[in-house]
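One structure below.
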Amino acid sequence: MATPFLAGLAVAAAALAGRYGVQAWQAFKARPPKPRVRRFYDGGFQPTMTRREASLILGIRESATADKVKEAHRRVMVANHPDAGGSHYLASKINEAKDVMLGKGKGSGSAF
């Protein structure tokens with residue numbers, strides 16, 4: 001007599017768990033999509049480089065210290081140096097970004 005009762009209880013528990021699972025899955029599907037964070041800056045270069053653009057090029061914050069700027073400049077230049085197969089244009093932009101972040105230049109220092 002107890003065996004059919006326990007079997008019925010197990011079936012009811014499985015049905016409730018299945019119902020909860022289906023509801024959870026529907027709620028998961030219906031949630032609004034999260035905006036994806038872009039890892040890279042989407043766009044070209046400005047005519048006159050700003051601190052924001054310079055910090056994006058070097059991969060640092062706008063309020064970074066001079067030591068952080070020099071360290072980031074070295075890291076980015078090693079990856080993009082013209083002698084190692086990099087672009088002369090990108091190297092000039094990286095150098096210009098360092099100058100802007102260190103406050104050394106007013107206009108566009110790029111040779112291009």
Side-chain angles (χ1 to χ4, degrees):
M1 178 119 169
T3 305
F5 178 73
L6 291 176
L9 211 60
V11 169
L16 285 174
R19 180 178 175 203
Y20 176 75
V22 169
Q23 287 175 348
W25 176 251
Q26 288 174 347
F28 176 76
K29 287 192 325 185
R31 68 180 164 67
K34 286 186 179 179
R36 290 192 172 170
V37 178
R38 295 194 115 132
R39 184 178 169 111
F40 299 106
Y41 177 67
D42 201 16
F45 295 113
Q46 303 291 326
T48 302
M49 188 171 292
T50 62
R51 282 187 66 85
R52 180 178 186 275
E53 183 180 19
S55 65
L56 286 170
I57 290 170
L58 295 175
I60 56 176
R61 295 179 185 256
E62 289 184 46
S63 59
T65 63
D67 291 335
K68 291 279 186 185
V69 171
K70 290 176 185 175
E71 179 184 326
H73 174 263
R74 176 180 292 267
R75 180 176 27 85
V76 174
M77 273 305 282
V78 164
N80 295 293
H81 198 276
D83 291 345
S87 165
H88 290 280
Y89 179 71
L90 287 179
S92 70
K93 286 296 189 179
I94 294 166
N95 287 330
E96 184 181 358
K98 180 186 89 170
D99 291 342
V100 167
M101 290 300 290
L102 295 177
K104 289 186 178 176
K106 280 287 180 192
S108 176
S110 176
F112 296 97

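When a residue number appears, it is its place in the shown sequence, counting from 1. In this text the structure is predicted, and so the values were computed from the model without any measurement.
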Supply the atom-to-atom distance [X] [atom1] to [Y] [atom2], rounded to the nearest 0.5 angstrom.
X   : Y   : atom1 : atom2 : result
K70 : T65 : NZ    : OG1   : 9.5 Å
T48 : E53 : OG1   : CD    : 9.5 Å
H81 : H88 : NE2   : NE2   : 9.0 Å
L90 : M77 : CG    : CE    : 9.5 Å

Do [X] and [Y] have side chains that get closer than 4.5 Å, going by heavy atoms?
X    : Y   : value
I57  : M49 : yes
L102 : H73 : no
V100 : T50 : no

Quiz item: Should K93 and E96 be marked as a side-chain contact (heavy atoms from CB on, under 4.5 Å) after you check the CA-CA gap, both sets of side-chain angles, and the distance that decides it?
Solution: CA-CA 5 Å; K93 286 296 189 179; E96 184 181 358; 3.5 Å; yes

Quiz item: Which atom names give the shortest non-hydrogen contact between M101 and S55, and what distance separates them?
Solution: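 Where M101 meets S55 most closely, the heavy atoms are SD-N, 4.0 Å.
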
Exercise. Over all heavy atoms of both residues, which pair between N80 and A91 is shortest? Give the atoms and the distance, please.
Key: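 Result for this residue pair: O-CB, 4.3 Å.
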
